[in-house]
2 protein chains.
Amino acid sequence: MPVTINDVAKEAGISTSTVSKVLNHWTTISPETTARVNAAIAKLNYTPNARAVSFARKSTRNIVYLTSLGKDEAYRNPHMFDIMCGVHKELTKHNYTLALVDISDEAYPGESVHNVIEGKCADGLIIHGSAVTKELSKSITQQNYPHIIIGHPGFESSLCWIDTNHGLAGQFAAKHMISCGYKDVAFIGGRKTDYISMQRQKGFIGGMYEYGYHIPDIHIGYTDSSIPESCEAACSMLISHRPPQAIVCENNTIALGVIKAVEKLKLKVPEEVALLVFDTYPYSGILSPKPTVIDINVYDMGVQAGATILRKLKNPSLLVQSYTTLPIVIQGQSTQPLRKQ
Amino acid sequence: MPVTINDVAKEAGISTSTVSKVLNHWTTISPETTARVNAAIAKLNYTPNARAVSFARKSTRNIVYLTSLGKDEAYRNPHMFDIMCGVHKELTKHNYTLALVDISDEAYPGESVHNVIEGKCADGLIIHGSAVTKELSKSITQQNYPHIIIGHPGFESSLCWIDTNHGLAGQFAAKHMISCGYKDVAFIGGRKTDYISMQRQKGFIGGMYEYGYHIPDIHIGYTDSSIPESCEAACSMLISHRPPQAIVCENNTIALGVIKAVEKLKLKVPEEVALLVFDTYPYSGILSPKPTVIDINVYDMGVQAGATILRKLKNPSLLVQSYTTLPIVIQGQSTQPLRKQ
DNA sequence: CTGAAAGCGCTTACAG
DNA sequence: CTGAAAGCGCTTACAG
């Protein structure tokens with residue numbers, strides 16, 4: 001028979017409501033009563049029934065994290081799980097729990113969101129950006145349900161989101177290259193329809209331009225982000241009449257392709273061609289030479305997301321659409337200050 | 001104002017308790033009543049309040065997944081998240097939810113488990129093996145709390161666990177090597193204190209022995225699982241007077257070290273030395289040649305764990321200590337049938 | 001500063 | 001087959 005608040009009240013010789021107030025740290029309770037209640041709690045080894053609390057309070061202190069949780073997702077998209085860990089960290093700190101909901105096999109789009117909202121099993125919702133559609137956006141906005149989306153949804157809306165500023169990360173890439181003394185720097189990215197890639201590219205080109213360097217079109221590559229196509233793109237740049245001194249790779253697969261090209265052409269990194277890559281990947285550590293990386297602390301983004309949803313709960317009218325978490329440069333061996341010749 | 005079961009009852013002109021019975025698919029309800037209630041539910045767009053249900057039922061239909069959720073865990077240990085996804089899949093199928101609890105920064109060991117059990121916020125607990133201690137084992141067993149541990153806890157107990165059979169995986173490695181025609185096969189693993197490594201090694205040696213091949217001590221390597229030490233171990237084997245035809249690498253980091261050694265000695269894979277690796281890693285796909293892998297479908301292990309905890313809930317006296325999920329061989333280019341000379 | 005009482009939205013014996 | 005009523009274990013106006 002589990003011990004309830006009534007047992008504690010009886011033991012302490014005090015009313016249930018007062019025990020509840022002690023539990024909730026009301027300031028009106030006398031120190032003496034508090035002490036008696038605490039003694040009774042300790043004696044009976046009492047823990048409040050979380051279900052009853054959440055029911056009585058009409059608040060669950062639970063947040064749902066909505067994302068794709070299919071097989072192999074952990075290998076394809078480890079960043080998403082790192083974000084999740086950050087969210088969890090922040091929520092736990094404030095005595096909230098985090099429940100997972102999979103969006104990858106819904107019967108109809110928006111089903112999961114609907115269930116979460118209607119079932120009242122959470123106070124708020126954190127949604128991984130890739131899962132957001134316009135319909136979903138509409139239903140969330142209409143219900144005015146506390147939410148935060150990780151990653152810009154890709155269209156204008158009154159949704160709340162946080163994201164990392166990819167353009168800024170591109171600028172950081174430019175700044176780093178300039179600081180090393182590289183002027184002829186190429187950028188190999190994804191297709192023109194790839195939002196993140198284009199943001200990074202724009203930021204990079206803009207950053208170089210600020211320092212007075214114009215990147216010619218032949219030094220901008222668009223690929224399908226596969227190893228072969230990236231290798232091909234890098235090769236053709238490197239054997240052209242004007243090979244770049246350095247290549248910025250928009251993601252890790254592209255970097256692998258570029259490394260392959262470099263090996264094929266027997267070029268030395270970073271002496272003959274320097275490399276810069278966006279994002280740390282599990283295998284970044286095993287590449288040789290160790291690449292210099294423009295990294296985003298996505299765990300920290302998760303923490304931000306957690307903090308933000310809690311702010312939303314306190315202040316539902318809050319609009320949050322913000323870029324957060326500065327990119328950082330992790331210096332590796334694939335770039336180095338150019339020696340004056 | 002959210003619509004409650006009472007609103008539905010009023011709308012249908014029927015008592016609350018009957019509505020509840022319709023909701024819970026009692027068989028005693030007349031088709032006519034059922035229809036009326038369902039019409040009212042549809043009309044009012046009613047969804048039961050999950051909190052109230054769980055409170056009244058004294059069951060949460062929630063399972064807690066206890067593991068390490070620190071920063072970068074997703075990169076270090078993607079398998080754990082793949083297991084988590086499998087667990088989630090199975091639980092969702094049966095209308096259970098999954099909540100996450102981090103064990104990585106508890107104030108004292110066992111704190112999280114204690115909170116979960118005492119707070120009654122879950123019906124059961126799935127614990128990632130690395131988090132299990134003897135104290136924890138004791139308190140879980142004493143409380144007779146429904147649980148399932150993923151990975152053999154490492155000591156005898158009446159805990160419930162599921163695991164993959166590492167010895168069997170080792171045997172599979174031997175079988176594959178034999179089927180290719182290799183006889184002189186080396187095994188490079190972790191330290192002798194590494195439980196998994198030793199299981200795999202034993203299985204492998206035993207498997208080879210069954211086919212009549214004895215692995216000499218010089219062909220068994222113990223390393224700290226680092227790239228340099230594994231490279232060193234492989235080198236010394238390969239330049240010895242009796243180099244192995246093939247090397248089984250107990251994990252991926254070891255494999256990277258061995259590959260490094262092979263490159264250093266300019267040996268051809270698989271012609272001059274074949275390689276076999278345990279477990280798929282995010283970067284397995286980028287290695288060249290693509291390694292042959294003895295893999296465990298850990299997502300499926302998660303599914304099993306989910307199914308098992310649900311069985312435990314129905315039948316609390318069930319003891320589950322079982323090896324589950326067969327290893328599979330994923331053929332790559334690092335092994336091939338030996339041509340007769 | 002403390003307590004009696006209503007209520008959160010369901011489920012489930014029990015009676016009919 | 002249906003319904004009135006008690007109860008799940010708390011919280012929170014409200015009264016004192």
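Naming convention: chains lettered A, B, ... in sequence-line order (proteins, then strands); numbering from 1 in each chain. All values below come from the heavy atoms of this structure, side chains included, with hydrogens, waters and symmetry mates left out.
Classification of the B/His152-B/Tyr195 ring pair by plane angle, with boundaries at 30° and 60°, yields tilted.
Atom-to-atom, CG of B/Leu23 to C1' of C/dG9 comes out at 12 Å; the value is rounded to the nearest Å. One atom, CH2 of B/Trp26, and another, C1' of C/dA13, lie 8 Å apart when rounded to the nearest Å. Taking atom CG of residue B/Asp7 and atom C1' of nucleotide C/dG9, one finds them 11 Å apart after rounding to whole Å. One interatomic measurement links the two molecules: CD1 of A/Ile5 to C1' of D/dC8, which rounds to 14 Å at whole-angstrom precision. To the nearest angstrom, P of D/dT12 lies 14 Å from NE2 of A/His25. Rounded to a whole Å, the CD1 atom of A/Ile41 is 10 Å from the P atom of D/dC10. Following rounding to the nearest Å, A/Asn49 (CG) and C/dC8 (P) show an atom-to-atom distance of 19 Å. Distance CZ (B/Arg36) to P (D/dT2): 9 Å, rounded to an integer number of Å.
Taking 4.5 Å as the limit, every side-chain heavy atom of B/Glu73 sits out of range of all side-chain heavy atoms of B/Thr67. Taking 4.5 Å as the limit, every side-chain heavy atom of A/Tyr65 sits out of range of all side-chain heavy atoms of A/Val101. Residues A/Thr60 and A/Cys121 form no side-chain contact, since every pair of their non-hydrogen atoms from C-beta on lies 4.5 Å or further apart.
Residue B/Asn6 has no polar side-chain atom (N or O) positioned under 4.0 Å from OP1 or OP2 of C/dG9. Dashed line: the shortest gap from a side-chain N or O of B/Thr28 to OP1 or OP2 of D/dC1 is not under 4.0 Å. Close to D/dG3, at under 4.0 Å from its OP1 or OP2, lies no side-chain N or O of B/Ser17. Phosphate proximity of C/dG3 to A/Thr18: present, with a side-chain N or O under 4.0 Å from OP1 or OP2. Within the 4.0 Å cut-off from OP1 or OP2 of C/dC10, at least one side-chain nitrogen or oxygen of B/Tyr46 is found.
Base pairing analysis places C/dA13 opposite nothing; no Watson-Crick or G-U wobble pair with both distances below 3.5 Å involves it. When both distances must be under 3.5 Å, the Watson-Crick or G-U wobble mate of C/dA4 does not exist.
Here C/dC1 is the nucleotide among D/dT11, D/dG9, C/dC1 with the atom lying nearest to any side-chain atom of A/Thr33. Distance from the side chain of B/Ala56 is smallest to C/dG9 among D/dT2, C/dG9, D/dG3. Taking the side chain of A/Ser30 as heavy atoms from C-beta on, and the options D/dC10, C/dT11, C/dC1, the nearest nucleotide is C/dC1. Nearest to the side-chain atoms of B/Arg57 among the listed nucleotides C/dT12, C/dC1, D/dT11 stands C/dT12.
Proximity of a side-chain donor or acceptor of A/Asp300 to a complementary backbone N or O of A/Thr325 within less than 3.5 Å is not detected.
Taking only distance into account, the side chain of B/Lys58 never meets the base of D/dG7 through a donor-acceptor pair shorter than 3.5 Å.
Closest-nucleotide positions on DNA chain D for B/Lys21 and B/Ala52 were compared, and the one nearer the 5' end corresponds to B/Lys21.
Residue ring and base: B/Phe55 does not count as stacked with C/dC8 (centre distance below 5.5 Å and interplanar angle below 30° not both satisfied).
Counting any heavy atom pair closer than 4.0 Å across all strands shown, A/Thr4 reaches sugar-phosphate atoms only and no base atom.
Under the 6.0 Å distance and 45° angle rule, B/Lys134 counts as a cation-pi partner of B/Phe155.
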